[in-house]
Amino acid sequence: MRALVWHGTQDIRCDTVPDPKIEDERDAIIKVTACAICGSDLHLYDHFMPGMEKGDVMGHEFMGEVVEMGKGVNGALRKGERVVVPFTIICGECDQCKRGYFSVCERSNRNKHIADKAFGHTTAGLFGYTHLTGGYQGGQAEYVRVPFADKTHIKVPENLSDEQVLFLGDIFPTGWQAAVQADIQPTDTVAVWGAGPVGQMTLRSAVLLGAKQVVCIDSVPERLEMARAGGAITLDNAQESVIERLNELTDGKGPEKCIDAVGMEAHSPRALEHAYDRLKQAVMLESDRAAVLREMIYVCRPAGIISIPGVYGGLVDKVPMGALMNKGLTIRTGQTHVNRWTDDLVKRIDEGQIDPSFVITHRVGLEQGPEMYKTFRDKKDNCIKVVLRP
């Protein structure tokens, strides 16, 4: 089959690789009908995340049709059935899964010993996302093996198109969880850093959850335009002071809820701060850039909540812990517990409350995937979200 394969830093190729096979009785093989390049895939493209190996198949946002199943699937799926596959692999049986904390499933990471060393305790296995999370082959391919397939799937209505439901596997529930864990109240100002795909889903989720006003912070014109279309007040941090503008919008009190939809590759508009972070990265004294975290902690209203859906992989520097502690801020983080949210989100799509396909700007074949990684990374050609058709 054809698949997008990691060969090294900024080296993704469309290669011919062996077809996946059933390896466990709870496996299923999915024929991929649509997949996408996620912003967190760019962390792998630029090799900010450890644990990638040459030959790894990329991609964790995909859907398709069931073509084969192990006997342990026990009727949970049938051949020809159309499913979205969450990026988090879940057993459905461990203590964490039973509590709905699917992204920290205790059994699905087959490289648990590596994650234990890196994080203290393992988190869930993920598709196409380093050997730290299990080394599972990803879904930017013609076919993919889904472990624990009786639990790791989302069934979707036949009346909804692939593009309407594809993002149930990652960015839509990620944006939704980011907003839900901010505990949004009708009197809240919610500030969202980042107007990429996750930021777009986050701000629309905050609107659906009834925030008084939603402010989106970015510097890319087409992303800011899309954010305004979703109901946000926009702030171009390359042209105006985030702190001053947020204080103006909140009568000097600061936003009650701040959401980091950027993560480890944050860019500071302040030249000295950005140079400091890049220098620390270059000499391997930090792995992740904390510009957004610093700004959120400084500007957030005392007793407010900071929600972090943006991916971080290692160490950050100069985080203002004094401000965080003395202001009494609450931080809520985590990879997404996808299956906790998807029943509700499918219903919202079906009822017309939201159509997640609004975020798609590019539709290409799998063979064009390598060049689209660069286009997406460099924010060229007004690129916000890429959908690939194998």
Side-chain angles (χ1 to χ4, degrees), residues 4-13 36-61 87-88 103 109 111 114-115 117-119 123-136 138 140 170-171 174 193-199 218-220 260-269 273-296 308-319 333-336 369-380 383 385-386:
L4 298 188
V5 177
W6 192 88
H7 284 268
T9 304
Q10 299 178 16
D11 186 2
I12 305 293
R13 305 176 198 173
I37 301 175
C38 186
S40 51
D41 287 328
L42 298 181
H43 304 324
L44 309 182
Y45 179 72
D46 286 321
H47 210 180
F48 282 104
M49 294 288 288
M52 292 298 292
E53 296 181 6
K54 184 176 180 179
D56 288 344
V57 176
M58 299 287 293
H60 58 267
E61 197 166 34
F87 75 97
T88 46
S103 73
N109 188 347
N111 290 335
I114 301 176
K117 290 179 181 178
F119 298 142
T123 55
L126 307 180
F127 288 101
Y129 215 77
T130 87
H131 290 259
L132 183 67
T133 58
Y136 292 100
Q140 290 170 4
D170 184 356
I171 61 171
T174 293
W193 275 256
V198 168
D218 205 293
S219 61
V220 180
D260 174 4
V262 180
M264 65 191 297
E265 293 187 66
H267 287 72
S268 173
E273 180 182 13
H274 191 61
Y276 172 86
D277 278 333
R278 294 309 297 261
L279 177 62
K280 295 282 282 191
Q281 280 185 315
V283 296
M284 302 183 70
L285 292 177
E286 73 170 347
S287 56
D288 306 357
R289 301 194 292 265
V292 167
L293 291 178
R294 298 181 193 116
E295 195 162 64
M296 288 199 309
I308 307 175
V311 172
Y312 287 85
L315 303 175
V316 296
D317 193 21
K318 296 294 186 290
V319 174
T333 71
Q335 297 282 8
T336 311
E371 63 191 78
M372 291 311 303
Y373 262 86
K374 189 175 190 304
T375 299
F376 183 33
R377 193 277 307 270
D378 294 342
K379 303 176 181 65
K380 301 294 186 183
C383 184
K385 188 66 175 179
V386 180

What distance do [X] atom [atom1] and [Y] atom [atom2] have between them, rounded to the nearest 0.5 Å?
X      : Y      : atom1 : atom2 : result
Phe48  : Glu265 : CZ    : CD    : 4.5 Å
Phe127 : Tyr136 : CZ    : OH    : 8.5 Å
Met264 : Gln281 : CE    : CD    : 7.5 Å
Leu44  : Met49  : CG    : CE    : 6.5 Å
Asp260 : Glu295 : CG    : CD    : 10.5 Å
Lys117 : Leu132 : NZ    : CG    : 12.0 Å

From CA spacing to verdict: side-chain contact (heavy atoms from CB on, under 4.5 Å), Met52, Met58: CA-CA 10 Å; Met52 292 298 292; Met58 299 287 293; 3.9 Å; yes
Are the side chains of [X] and [Y] in touch, meaning some heavy atoms are under 4.5 Å apart?
X      : Y      : value
Trp6   : Asp11  : no
Pro309 : Thr336 : no
Lys385 : Ile171 : yes
Leu285 : Asp317 : no
Thr333 : Tyr312 : no
Gln10  : Tyr373 : no
Thr88  : Leu126 : yes

Donor-acceptor under 3.5 Å (Lys280 side chain, Ser287 main chain):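 Flag not set: sc Lys280 to bb Ser287 has no pair under 3.5 Å.
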Exam field: side chain Asn111 to backbone His131, donor-acceptor pair closer than 3.5 Å: yes
Minimum heavy-atom distance [X]-[Y], with the two atoms named:
X      : Y      : result
Pro370 : Ile12  : CB-O, 3.1 Å
Thr133 : Ala124 : CB-O, 4.0 Å
Cys383 : Met372 : SG-CE, 4.3 Å

Just by distance, no angles: are the side chains of [X] and [Y] close enough, under 3.5 Å, to form a donor-acceptor pair?
X      : Y      : answer
Tyr129 : Gln335 : no
Glu273 : Ser268 : yes
Asp41  : His60  : yes

Pairs touching residues 281-293 that satisfy salt bridge (Lys or Arg N to Asp or Glu O under 4.0 Å), sequence neighbours left out: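 Checked against salt bridge (Lys or Arg N to Asp or Glu O under 4.0 Å) - neighbours excluded - no pair reaches residues 281-293.
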Contact list for residues 43-60, test salt bridge (Lys or Arg N to Asp or Glu O under 4.0 Å), sequence neighbours left out: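 Every pair satisfying salt bridge (Lys or Arg N to Asp or Glu O under 4.0 Å) with a residue in residues 43-60: Asp46-Arg377.
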side-chain contact (heavy atoms from CB on, under 4.5 Å) evaluation trace for Tyr45 with Ile37: CA-CA 11 Å; Tyr45 179 72; Ile37 301 175; over 6 Å; no
Asp218 and Lys379 ion-paired at < 4.0 Å: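 Looking at Asp218 and Lys379, the cut-off is not met.
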